[in-house]
Colleague: 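Let me give you the structure first, and then I'll get to my questions.
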Amino acid sequence: METRDRFEGVNSITFNRYFQSDDDCYRYLSALKWTTDNPYKCKKCGYIKYGKGKKPYSRRCTQCNYDESPTAGTMFDKLKFSLLIAFHIVFKISTKKKGMSSLELSEEFELRQKTCWEFKWKIQQAMASSGQFPLQGVVHVDEFLIGEYEAGKKGRSSDSKKRLVVIALEILKDGGVGRAYAQVIESASAKEFKPFFNAHISKESKVITDVWKGYLPLRKEYPLLEQMPSNKGANFQQLHIHIMNIQGWLRGIHHHCTKERLQGYLDEYHYRYNRRAFMGSIFDLTIKRMVLNNPIRLNNSTLATAT
Ligand SMILES: [Zn+2]
């Protein structure tokens, strides 16, 4: 049982009161990093006794003197701005219904857009699904295309620049919607669908797709899979509304981007969407994921221009 103090809620006034300085943020990270379940142990020599280190809440090994900051080995390591600003950015992106683009972040926090973009990419990595809670019950599945939107131009670019996405949405007994996941794929084939199904849909669920033959081989693993004509979307109304919402959101904030980056946006969207009933704890969860995950190195292939 964790006994640490957690920040709850989506109210920015409460947030500003709770986190007033870098010190407050270091304290928060240290309580997440070293817990009763995962107590302090020196990274260099394995010793368990420590004294005060250089930075706030750092721990210095009393045997070998190795000084470990609460940010070391987390996604908050080697930031180009203060930890307090990083907490503000995580708060905005996780609690605002539509998140925030790197352009908006750079204006609000007076940082370079590229700096915001790189940090946002880390947050999106932390928002990727763990794959531990597959969709259950009735699950509608379909594919759709996402075009690339060039800055300053309205409408879509050519077909060759569009990317294919497979998407699954839980349909509740009362006709409402549950959770959803989406993944960028190369083609609408069983080979591409399978890893997505295996990661995100329970084998006992009743999957319903349109009559596209690419889904048929999945019946081996998903015996309850059914197909029905889309009827111009009428039979998959909730899913089509969900897809339109994603497309609308992407059009607003997202310009040209790579396959990996698009997956980051889909993960960010569904991370918030799947927790819409638990927004009060979403900030703490995001920080926790960023502490426990290792920082992801950006390489040139992922450095496309996006917001
Ligand atoms: Zn040590």
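For ligands, and for the atoms within them, numbers begin at 1 and follow the listed sequence. We're numbering straight along the sequence, starting at 1.
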Colleague: Using ring centroids (six-membered ring only for Trp), state whether His200 and His270 fall under 6.0 Å.
Modeller: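 Ring centres of His200 and His270 not closer than 6.0 Å.
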Colleague: Less than 4.0 Å between a side-chain N and a carboxylate O, is that true for Glu68 and Lys33?
Modeller: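 Looking at Glu68 together with Lys33, the answer is yes, because their closest N to O distance falls below 4.0 Å.
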Colleague: Quick one: do Lys122 and Glu118 make a salt bridge, cutoff under 4.0 Å?
Modeller: no
Colleague: Could you go through the ring pair (Phe, Tyr, Trp, His ring centres under 6.0 Å) check for Phe19 and Phe283 one step at a time?
Modeller: CA-CA 13 Å; Phe19 297 103; Phe283 168 78; 5.8 Å; yes
Colleague: For the Zn ion (ligand 1), how many protein N, O or S atoms come closer than 2.8 Å?
Modeller: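 For the Zn ion (ligand 1), protein nitrogen, oxygen or sulfur atoms under 2.8 Å: 4.
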Colleague: Any Lys/Arg nitrogen of Arg60 or Asp67 sitting under 4.0 Å from an Asp/Glu carboxylate oxygen of the other?
Modeller: no
Colleague: State whether Glu186 and Lys191 are salt-bridged, where the test is any N-O pair (Lys NZ or Arg NE/NH1/NH2 against Asp/Glu carboxylate O) under 4.0 Å.
Modeller: no
